[in-house]
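For reference, the structure is listed below as structure tokens.
By convention here, the first residue in the shown sequence is residue 1. Since the model is a prediction, treat every value here as computed from it, not as a measurement.
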Amino acid sequence: MKVSVIGTGKTGSAVAELLGSQAVCYDSKSNITAGKLKETDVAIIFVPGEAAAEVSEVVLKSGIPAVWGTTGYAWPENLPSQLKEVNAKWIIGSNFSLGMNLIRKALNILGKGGDFLQDPEYHIHEVHHVHKKDAPSGTALSWQEWLGRDASISSDRQGDVKGIHNLHLQTNNESIYLKHEAHNRKLFAEGAIWTAEYLLKNPQIEPGVYPFSSIFDQAFSKLL
């Protein structure tokens, strides 16, 4: 598998490190062309939201499958139809931790289970490194979506924190806590690489755009 790694920030660099000679790296100064991308099997992209529009145009022209870890960007509504026109498959995720997707299933349960509780209140708190520009994090917003409940969200930026997310479910008589903490950005890099490999190993996946969670669920269902 030959991979175009676009974005050489902390997570993109971790992807490149894990891939070694399989990676062809592009930073903000690189001249990325559709022709160059076509020389690889798949792209893994971790660029900031403000760079996504320009990069996505080139990746779209290449037609190769892509795994996107960009947050803080509003994807165009016609993206699915654009991808189908070029027969391409994109996976977009706010957090590529495989463990986080187990958390997602737990959040589904806690959200639905709130019907058993009297006046439950939900609060999500996230902490990331001081250089992270979007707040709340894309993952925190995903937690609220997975929960399926109204929840207050707070954010904090500290040092070089890789990512901490907490849920506090509180009633008058009890509290329930759920926490996920990333210790190393290779966690996200591993998940992105796993996703790229899954795309290539499953050609039956139709062209279009998919959330990372749907790909995880597809693979998870095969284990049951």
Is there a donor-acceptor pair under 3.5 Å between the side chain of [X] and the backbone N or O of [Y]?
| X | Y | result |
| --- | --- | --- |
| R185 | K10 | no |
| Y122 | Q170 | no |
| Q22 | V3 | no |
| K2 | V42 | no |
| E126 | S155 | no |
| T70 | P48 | no |
| D27 | S30 | yes |
| N108 | W146 | yes |
| N101 | S97 | yes |

Electrostatic pair [X]-[Y], nearest N-O below 4.0 angstrom:
| X | Y | value |
| --- | --- | --- |
| K132 | D160 | no |
| E50 | K133 | yes |
| E17 | K186 | yes |

Got a second to check how far [X]'s [atom1] is from [Y]'s [atom2], nearest 0.5 Å?
| X | Y | atom1 | atom2 | answer |
| --- | --- | --- | --- | --- |
| H180 | I164 | NE2 | CD1 | 11.0 Å |
| I91 | I215 | CD1 | CD1 | 4.0 Å |
| N95 | I103 | CG | CD1 | 10.5 Å |
| L200 | I64 | CG | CD1 | 9.5 Å |
| I176 | L110 | CD1 | CG | 6.0 Å |
| T139 | F96 | OG1 | CZ | 10.5 Å |

Show the nearest heavy-atom pair for residues [X] and [Y], with the distance to one decimal.
| X | Y | value |
| --- | --- | --- |
| D134 | G72 | OD2-N, 4.2 Å |
| F212 | L98 | CZ-CD2, 3.8 Å |
| M100 | H165 | CE-ND1, 4.2 Å |
| G114 | P120 | O-CG, 3.8 Å |
| I124 | A151 | CD1-CB, 4.1 Å |
| A182 | L187 | CB-CD2, 3.6 Å |

Do the side chains of [X] and [Y] join up, straight or via other hydrophobic residues, at under 4.5 Å, putting them in one cluster?
| X | Y | answer |
| --- | --- | --- |
| F46 | M1 | yes |
| L83 | I45 | yes |
| F216 | L178 | no |
| W143 | L102 | no |
| I44 | L199 | yes |

Do [X] and [Y] have side chains that get closer than 4.5 Å, going by heavy atoms?
| X | Y | answer |
| --- | --- | --- |
| Q158 | V130 | no |
| H128 | V161 | no |
| I153 | L141 | yes |
| L60 | V86 | yes |
| E145 | L107 | no |
| V209 | P80 | yes |
| Q118 | T171 | no |
| L18 | V5 | no |

Using a 6.0 Å cut-off, check whether atom [atom1] of [X] has over 12 heavy atoms from anything other than its own residue.
| X | atom1 | result |
| --- | --- | --- |
| D115 | CG | yes |
| E77 | CD | no |
| K112 | NZ | no |

Partners meeting ring-ring contact (aromatic ring centres under 6.0 Å, His included) with W68 (sequence neighbours left out): W75, W90

Non-neighbouring partners of H123 that pass ring-ring contact (aromatic ring centres under 6.0 Å, His included), sequence neighbours left out: none

Under 3.5 Å, is there a donor on one side chain and an acceptor on the other for S152 and H125? no

Do the side-chain N and O atoms of T8 and S13 include a donor-acceptor pair separated by under 3.5 angstrom? no

Identify every side-chain donor-acceptor pair in residues 188-198 under 3.5 Å, counting partners at least two apart or on other chains, and give the distances.
{"unit_1": "T195", "atom_1": "OG1", "unit_2": "G191", "atom_2": "O", "d": "2.7"}
{"unit_1": "Y198", "atom_1": "OH", "unit_2": "Q218", "atom_2": "OE1", "d": "2.9"}
{"unit_1": "Y198", "atom_1": "OH", "unit_2": "K222", "atom_2": "NZ", "d": "3.3"}

State which residues pass side chain to side chain contact (heavy atoms under 4.5 Å, CB included) with P211; sequence neighbours excluded, sorted by chain then number. S213, S214

Does anything in residues 33-42 pair up under side chain to side chain donor-acceptor pair (under 3.5 Å), and if so which pairs, sequence neighbours excluded? S4-T40

Contacts of E121 meeting salt bridge (Lys or Arg N to Asp or Glu O under 4.0 Å) (sequence neighbours excluded), chain-then-number -> none

